[in-house]
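Written out below as structure tokens is the structure these notes cover.
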Amino acid sequence: MPYNFSEIEKKWRTFWENNKPPKNTNKPKFYCLDMFPYPSASGLHVGHWRGYVLSDVLCRYKILQGFEILHPMGWDAFGLPAENYAIKMKTHPRISTNESINNVRRQLKEISAVYDWDREINTTDPNYYKWTQWIFLQMFKKGLAYEKKMPLNWCPNCKAVLANEEATNGVCDRCGSHVTKKMLRQWMLKITDYAERLLNDLKLLNWPKKVKKMQEDWIGKSFGASVDFKITDKNLTIKVFTTRPDTLYGATFLVLAPEHELIEQLTLPNQKNLVDEYIKSASAKSYVNRMSDKEKTGVFTGSFAINPLTNKKIPVWISDYVLADYGTGAIMCVPAHDERDFDFAKKFDLPITPVIENGIMINSDEFNGLNCDDAKEKITQKLEQLGIGKQTVNYKLRDWIFSRQRYWGEPIPIIHCPKCGLVPVDEKDLPVILPDVENYQPTETGESPLAAIDDWVNVKCPKCGATAKRETNTMPQWAGSSWYFLRYADPHNDSCLADPKLLKKWLPVDYYVGGIEHAVLHLLYARFYTKFLYDIGVVDFNEPFLKLFNQGMINKNKTKMSKSKGNVVSPDELVKKYGCDSLRMYELFVGPPELDCEWNDNGIDGVLRFLNKFWNFICEYKDKIIEPTKKLTIMRNKMIFEITNRIENLSLNTVVSGFMEFTNNFIEICKNENGIDSQTLSAIIIMLAPFAPHLSEELWQTIGNNKSVFEEKWPTYDKNNMQDETVNIVLQINGKLRSNINVDINLSKDEIISLAKENLKTRLAGKNILKEIYVPNKIVNFVVK
RNA sequence: GCCCGAAUGGCGGAAUUGGCAGACGCGCUGGACUUAGAAUCCAGUGUUUUUUUAAACGUACCGGUUCAAAUCCGGUUUCGGGCACCA
């Protein structure tokens, strides 16, 4: 008889809503966090479910292990996609966002996860973004938030500035448009001040290696030296950064980025036209062309520098293959040992001097014969003695471009006063509310739509009272998500971002579950925020997420699910057809949780069949209670041991297959014994509870309990009672399987070997046994000739 | 170009880390129950040879270590991901 999942699931969902787990207990805490969703209009698909089911299984397992859990949920609801969607639908982002939230919340409830909905947060709620703005003000006060006019990544489609992290390869992360450069005044966060700590503290984290590596590469620390090159006939010095000071004798020219500030002074009159033209064309090149054109271009300034070690005159060139915002924006070129310099030298016919041969220095005066690692050190020392260089460290990490010229974001709480300059909004006046406007569409000019709202923009300076203007840029979507995990500890607090006592109780996050796509952006920003809040005494920990788990993506037709590709599988119908418990277990069964996998509805049948079988098995045997037999006891211990281990290793796909396997065996044993012992019956239901919570609750009640199964304790196993009385020994000859025997567990090695010989008598006849290999409880292998 | 991963039946995947390859599930084939179907149950299901018994081969490819290799080592191919003019 099939079980009625829809009735059972409805019944227990209602029960849980009215019977929430107790709070403020003395139990140890477990803070398990899902990356909060951006509430998209298209809702959740089965790929989203995967992570949420995984974290819920973990939470329910921890509840049974005696933990008090924090498992909250909220909405990362500001940002461009929400705004673009609202524009498309001709509605206000607040309205469309709320609709999406209601839909996604409904879908999330279908999972029956143990979310604490009393702690729900929303980044667009003024009571929330008050504190997003407050953190910004603290950064401003510490000099970490600053304004700068600079060429920035501009997405002509999104009509917004992008952070470097959002514009990888010169392509907009969001819409795929080619990013151009635009000169704009922007707010920046000095994340570079934290580069070293962000790098070093990765060591402390239990994160996937891959993610750590990605952050490490993004921070991009490199060691080298800065070297001063004097310009002939001019009182000028060009400073370069190099990771290869050992090759200094081979530096035969210098190249400056087109944006280098000394270009004007360096350019000789007869080169001026050419130089101006080159700089113009370089800046007109789109970001992506500049990055991808491997063909070198450049122009000679007319000036020469002196190589401080060879004392030779070397020409100073300009080329866009040198980046203005890394190192000093100028490089020394060693065409013999650098491919890019080589290309440039070939193209413009510049001298090439090799200084290393097979790792040994040549053409380098006193350093000849050293290996290049030693030479690195020695030459750097010499530069330091001469006072023209020193050991230097550089990072690829740039400061975080923090302002966006769009409507749907947190207003930056700064006032521009003609007399006082930048004035922070008084903390007591927070939040600076995002005004409701008719027209929130982005502009072509790079000015925020907020700039058009006069009665919002025009204010009195809080310092001097003069007429002043509000900052009209808003924060990027990352602002709200950089600290939300703190707010969950105390989501309704109106006097601080969270009560320090509650922060101490719950933080840091013990287990963070989400997709790999945030490996650099969100996870780096959140770590930066946490370190800053640590520095100003708001939190007492340095790293927000101790353990990170990235669930693999679920594909359909080998492609990532997306509405535009039309390959989205919605969980809604599947829940109706198979029930929540079946879908939960199938989400885990599809494959190892950390790997990508292909979705196929068909497999859910198998899980539903298993749950049916389990239901029927328990219904049949619940009244056939017998004293535990040896066989049942061994089976129970083995099962508890296996299932527990597999959960601890997060091998949840094999937990599900384990349940199937054990149940099949159990049914057989119970049939033979004509009953089941109550201990085993309980253990099996409790262990299934994190996976199929509704069915387990129902069964728990069916076997005569009147409390929730989640008030029980996770079963324990007896290590000394897991071994069957007999064991199967594989018999091999020359490593090939020939037979196997079932022997008493207590037999000695010699007894087993003689049994094996007996068993393989005909095969061994006339052969010479060279070696007998015996692996206890596993194998006997005869090496024969 | 550099740095990571991965590759196992028709399919998703398993293998206690060197010890019976293919657990578990899907699909498929046959059977039972049905007027019939659905559902359920039973049996079979890596390839090849063999009537059976059985044997050989088999974890992307080539080679090596070992009594024993999906697992370790060297090389190759394909796919996926990250970074990429960062000096």
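Naming: A, B, ... by sequence-line order, numbering from 1 per chain.
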Please classify U17(B) as syn or anti, treating any glycosidic angle within 90° of 0 as syn.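 Syn, since the glycosidic angle lies within 90° of 0.
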By the rule that syn is within 90° of 0, classify the base conformation of G9(B) as syn or anti. syn
Paired with [N] by Watson-Crick or G-U wobble geometry, both distances under 3.5 Å: which nucleotide is it?
N	value
U78(B)	A6(B)
A54(B)	U49(B)
U66(B)	none

Figure out the [atom1]/[atom2] separation between [X] and [N], and round it to whole Å.
X	N	atom1	atom2	value
Ile219(A)	A84(B)	CD1	P	14 Å
Phe241(A)	C85(B)	CZ	C1'	15 Å
Glu594(A)	A6(B)	CD	P	10 Å

Could you tell me how far [M] sits from [N] if I compare only their [atom1] atoms? Round to whole Å.
N	M	atom1	result
U78(B)	G27(B)	P	36 Å
C24(B)	U8(B)	C1'	15 Å
A69(B)	G74(B)	C1'	15 Å
G10(B)	C61(B)	P	14 Å
U29(B)	G46(B)	P	16 Å
U16(B)	C11(B)	P	23 Å
A14(B)	A7(B)	C1'	16 Å

Is Asn781(A) side chain donor-acceptor paired with the C67(B) base, going by distance under 3.5 Å alone?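 Answer yes: a donor N or O sits under 3.5 Å from an acceptor.
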Is a donor-acceptor pair below 3.5 Å formed from side chain Lys296(A) to base C85(B), judging by atom type as modelled?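 Yes, the side chain and the base share a sub-3.5 Å donor-acceptor pair.
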May I have the step-by-step check of side-chain hydrogen bond (donor to acceptor under 3.5 Å, both in side chains) for Asn394(A) and Ser222(A), ending in yes or no? CA-CA 5 Å; Asn394(A) 251 308; Ser222(A) 51; 6.0 Å; no
Assert yes or no for the condition that the ring centre distance of Trp615(A) to Phe610(A) is strictly below 6.0 Å.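 Ring centroids of Trp615(A) and Phe610(A) are no less than 6.0 Å from each other.
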Where each residue is assigned the nucleotide of RNA chain B containing its nearest heavy atom, which of Cys597(A) and Asn740(A) is assigned the position nearer the 5′ end?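 That would be Cys597(A).
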Closest-nucleotide 5' rank along RNA chain B - winner of Glu642(A) and Val590(A): Val590(A)
The side chain of [X] is closest to which nucleotide in this list: [options]?
X	options	value
Asp320(A)	C85(B), G19(B), A87(B)	C85(B)
Asn728(A)	U40(B), U16(B), C20(B)	C20(B)
Ser657(A)	A23(B), A87(B), G19(B)	A23(B)
Arg609(A)	A21(B), U40(B), G25(B)	U40(B)
Val783(A)	A14(B), C67(B), G19(B)	C67(B)
Met214(A)	G19(B), A14(B), G82(B)	G82(B)
Lys736(A)	C57(B), C67(B), G81(B)	C57(B)
Met660(A)	G25(B), C83(B), A55(B)	G25(B)
Asn653(A)	C20(B), G13(B), C24(B)	G13(B)
Lys210(A)	G81(B), A87(B), C20(B)	G81(B)

From Phe344(A), Tyr278(A), Phe253(A), residue fulfilling ring-ring contact (aromatic ring centres under 6.0 Å, His included) relative to Trp317(A):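 That would be Phe344(A); it is the only one of Phe344(A), Tyr278(A), Phe253(A) passing the ring-ring contact (aromatic ring centres under 6.0 Å, His included) with Trp317(A).
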For A87(B), does OP1 or OP2 lie under 4.0 Å from any side-chain N or O of Tyr321(A)?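 For A87(B), OP1/OP2 do not have a side-chain N/O of Tyr321(A) under 4.0 Å.
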Going by the angle between their ring planes, with limits at 30° and 60°, are Tyr3(A) and Phe5(A) parallel, tilted or perpendicular? perpendicular
Between Lys347(A) and Glu295(A), does any side-chain N to carboxylate O distance fall below 4.0 Å?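 Counted as a salt bridge, because a side-chain N and a carboxylate O are separated by less than 4.0 Å.
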Using only atom types and a distance under 3.5 Å, with no angle test, would you say the side chain of Tyr249(A) pairs donor to acceptor with the backbone of Thr353(A)?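 Here the side-chain-to-backbone pair does not exist.
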Under a plain distance cut-off of 3.5 Å, with no hydrogens placed, do Asp341(A) and Tyr321(A) share a side-chain donor-acceptor pair? yes
